[in-house]
There are 2 protein chains.
Amino acid sequence: MARAGLTADRLTQAAADLADEVGFENVTVSALARHFGVKDASLYSHIRNAQDLRVRLAVLALAELADQVAEAIAGRSGKDALVAFANAYRTYAREHPGRYSATQMALDPDTAADSAAGKHAEMTRALLRGYDLWEPDQTDAVRLLHSTFHGYVSLERSGAFHSHPRGVEASWLRALDALDSLLRAWPSV
Amino acid sequence: MARAGLTADRLTQAAADLADEVGFENVTVSALARHFGVKDASLYSHIRNAQDLRVRLAVLALAELADQVAEAIAGRSGKDALVAFANAYRTYAREHPGRYSATQMALDPDTAADSAAGKHAEMTRALLRGYDLWEPDQTDAVRLLHSTFHGYVSLERSGAFHSHPRGVEASWLRALDALDSLLRAWPSV
DNA sequence: AGGCTTACCTAGAGGTCCTAGGCAAATCAT
DNA sequence: ATGATTTGCCTAGGACCTCTAGGTAAGCCT
């Protein structure tokens, strides 16, 4: 009997693909085992439990997202960087719905620290270098930007914007214009 | 044997309380049946299935949230209304975590139309009357505000802001200041 | 009081999660 | 190469959740 050659990493990768196909909440240990043609009990020597699998998936997705964003803003600054950041974020969420859902998981502080969660804030800070912002305004702006991007993507996914004809794309661009102008005028807010 | 007197509405109410106690994802038909001291099979004459129960819960929460917000902005305008809206939204999410999670469910378009989902946008429009905004800027602004509120609340709940000492409350107030100033200056953005 | 509706029941099938313990494949030692 | 060790995947099985089918009894209606 040939072995399937499972490892925690391969399981996590497959779980991520599965999440994008069937939705994050449908990522189950059983489904993953079926995908590899093994019994579900066989996975428990690689992952502690179903929650552990989801956490690993979340960490993977956070790292991927951070990479995409980092690549997007490399060599840009000011509004260029803002738009690149925002579009990379939104694109990742659209192309990888299951993975993006995973990034919304509540991680315990230790796991979050180990993950790329901190990298997001760091990159947002880098992007703010093009604007004239210093602490504590920088932190406030980081939170506002992150909230807005996440909120927009999240509502877009839930279909909250479908009720109105105005193009979601046009609104998005306008929101980026607004945020840019807000950041430039921030000190006087 | 006395009857428990179950109805779909009572089940939904109890499910909402349960959600706030143990989390939306832990709202199960079995747990709800235990709460009423009946067998789980007994609930299926009132609700179609577990998903149906969650949808009812989502619709309930959306209506409650809309009511809270409507009450908050009644008689206010401009920044007063903006702050009242935002605080009511955030307060509901903090006091009713399970219900708020339910509001994030993806509802099919028909259900969404029946629910109070449209009321949100309508109220946000009412609040914008204090600012000098007309279509399509109004829709863009509604989407930006909704996204930001939802995003902030959502990230706050996921613990994304805990990594930095700057008070979440102070950042929130600053965000509201920024949004107010953004709305006032919108036409020139 | 008898009949009808309906609220709740039991029984049971199928799925997911997870533990305990077993066997065999791969790896290592001699 | 062969025996010993490790480890990957197995079977068995318990606990819980979802949902259907069909039964019994409580409460309402005349």
Side-chain angles (χ1 to χ4, degrees), chain A residues 1-60 98-99 101-102 104-108 111, chain B residues 1-60 97-99 101-102 105-108 111:
Chain A
M1 208 60 164
R3 298 191 181 186
L6 304 183
T7 64
D9 282 348
R10 286 194 62 197
L11 287 177
T12 307
Q13 276 289 344
D17 294 340
L18 185 61
D20 284 338
E21 278 169 36
V22 302
F24 180 61
E25 71 282 359
N26 295 324
V27 171
T28 105
V29 176
S30 307
L32 199 55
R34 271 194 299 277
H35 174 264
F36 282 103
V38 301
K39 300 293 171 182
D40 52 356
S42 304
L43 303 195
Y44 288 90
S45 34
H46 303 284
I47 56 168
R48 275 217 315 281
N49 51 39
Q51 181 65 8
D52 177 45
L53 175 66
R54 294 191 193 101
V55 169
R56 284 169 188 271
L57 170 46
V59 171
L60 169 74
R99 284 169 159 92
S101 290
Q104 295 184 52
M105 264 192 70
L107 299 177
D108 65 289
T111 313
Chain B
M1 210 60 164
R3 297 192 181 187
L6 303 183
T7 66
D9 282 349
R10 286 195 63 198
L11 287 177
T12 307
Q13 276 290 344
D17 294 341
L18 185 61
D20 285 338
E21 279 168 37
V22 303
F24 180 61
E25 71 283 0
N26 294 325
V27 172
T28 116
V29 176
S30 306
L32 198 55
R34 270 194 300 276
H35 173 264
F36 283 103
V38 301
K39 299 294 171 181
D40 53 354
S42 305
L43 302 195
Y44 287 90
S45 33
H46 305 284
I47 55 169
R48 276 218 314 281
N49 51 41
Q51 181 66 6
D52 177 44
L53 175 65
R54 293 191 193 103
V55 169
R56 285 169 188 270
L57 171 47
V59 171
L60 169 75
R99 283 169 160 91
S101 290
M105 262 192 69
L107 300 177
D108 64 290
T111 313

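Basis for what follows: all heavy atoms, side chains included, without hydrogens, waters or symmetry-related copies. To find a chain, count down the sequence lines: A is the first, B the second, and so on, and within it residues start at 1.
A/Leu43 has its CG atom 13 Å from the P atom of C/dT19, to the nearest Å. If you take CD1 of B/Ile47 and C1' of D/dC17, they are 12 Å apart, rounded to a whole angstrom. For the pair A/Arg48 CZ and C/dT19 C1', the interatomic distance rounds to 15 Å; values are reported in whole Å. In this structure, CG of B/Asn26 is placed 15 Å from P of D/dC16, rounded to the nearest angstrom. At whole-Å resolution of the value, NZ in B/Lys39 and C1' in D/dG22 are 17 Å apart. The distance from atom CG of B/Asp52 to atom C1' of D/dC19 is 13 Å, rounded to the nearest whole Å.
Taking only side-chain nitrogens and oxygens, B/Ser45 never comes nearer than 4.0 Å to OP1 or OP2 of C/dA7. Between C/dT6 and B/His46, no contact under 4.0 Å exists linking OP1 or OP2 to a side-chain N or O.
Partners of A/Tyr44 according to the side-chain contact (heavy atoms from CB on, under 4.5 Å) rule, which considers only residues two or more places apart in sequence or in another chain, are A/Val29. Under the side chain to side chain donor-acceptor pair (under 3.5 Å) criterion, B/Ser30 pairs with no residue, sequence neighbours left out. A search for side chain to side chain donor-acceptor pair (under 3.5 Å) contacts involving A/Ser101 returns A/Arg157, not counting sequence neighbours. In terms of the side chain to side chain donor-acceptor pair (under 3.5 Å) criterion, B/Ser45 has no residue partners (sequence neighbours excluded). With sequence neighbours excluded, the residues satisfying side chain to side chain donor-acceptor pair (under 3.5 Å) with A/Asp17 are A/Arg99.
Contacts between residues 9-25 of chain B and DNA chain C, defined by a heavy-atom separation below 4.0 Å, involve no residue at all.
Taking all atoms of both residues into account, the shortest heavy-atom contact from B/Phe24 to B/Gly98 is CB-O, 3.7 Å. In terms of heavy atoms, B/Leu6 sits closest to B/His46 at O-CE1, 3.1 Å.
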Determine all donor-acceptor pairs shorter than 3.5 Å in which one atom belongs to a side chain in residues 32-40 of chain B; sequence neighbours excluded.
none

Just list the side-chain donor-acceptor pairs under 3.5 Å for residues 47-59 of chain B, sequence neighbours left out, or say none.
{"unit_1": "B/Asn49", "atom_1": "OD1", "unit_2": "B/Gln51", "atom_2": "N", "d": "3.1"}
{"unit_1": "B/Asn49", "atom_1": "OD1", "unit_2": "B/Asp52", "atom_2": "N", "d": "2.8"}
{"unit_1": "B/Asp52", "atom_1": "OD2", "unit_2": "B/Arg48", "atom_2": "N", "d": "2.9"}
{"unit_1": "B/Asp52", "atom_1": "OD2", "unit_2": "B/Arg56", "atom_2": "NE", "d": "3.2"}

Polar pairs (N or O, both sides) under 3.5 Å between protein and nucleotides 13-17 of chain C?
{"unit_1": "C/dT16", "atom_1": "OP1", "unit_2": "A/Arg34", "atom_2": "NH2", "d": "3.2"}
{"unit_1": "C/dT16", "atom_1": "OP2", "unit_2": "A/Arg34", "atom_2": "NH1", "d": "3.3"}
{"unit_1": "C/dC17", "atom_1": "OP2", "unit_2": "A/Thr28", "atom_2": "OG1", "d": "3.4"}
{"unit_1": "C/dC17", "atom_1": "OP2", "unit_2": "A/Val29", "atom_2": "N", "d": "3.1"}
{"unit_1": "C/dC17", "atom_1": "OP2", "unit_2": "A/Ser30", "atom_2": "N", "d": "3.0"}
{"unit_1": "C/dC17", "atom_1": "OP2", "unit_2": "A/Ser30", "atom_2": "OG", "d": "3.1"}

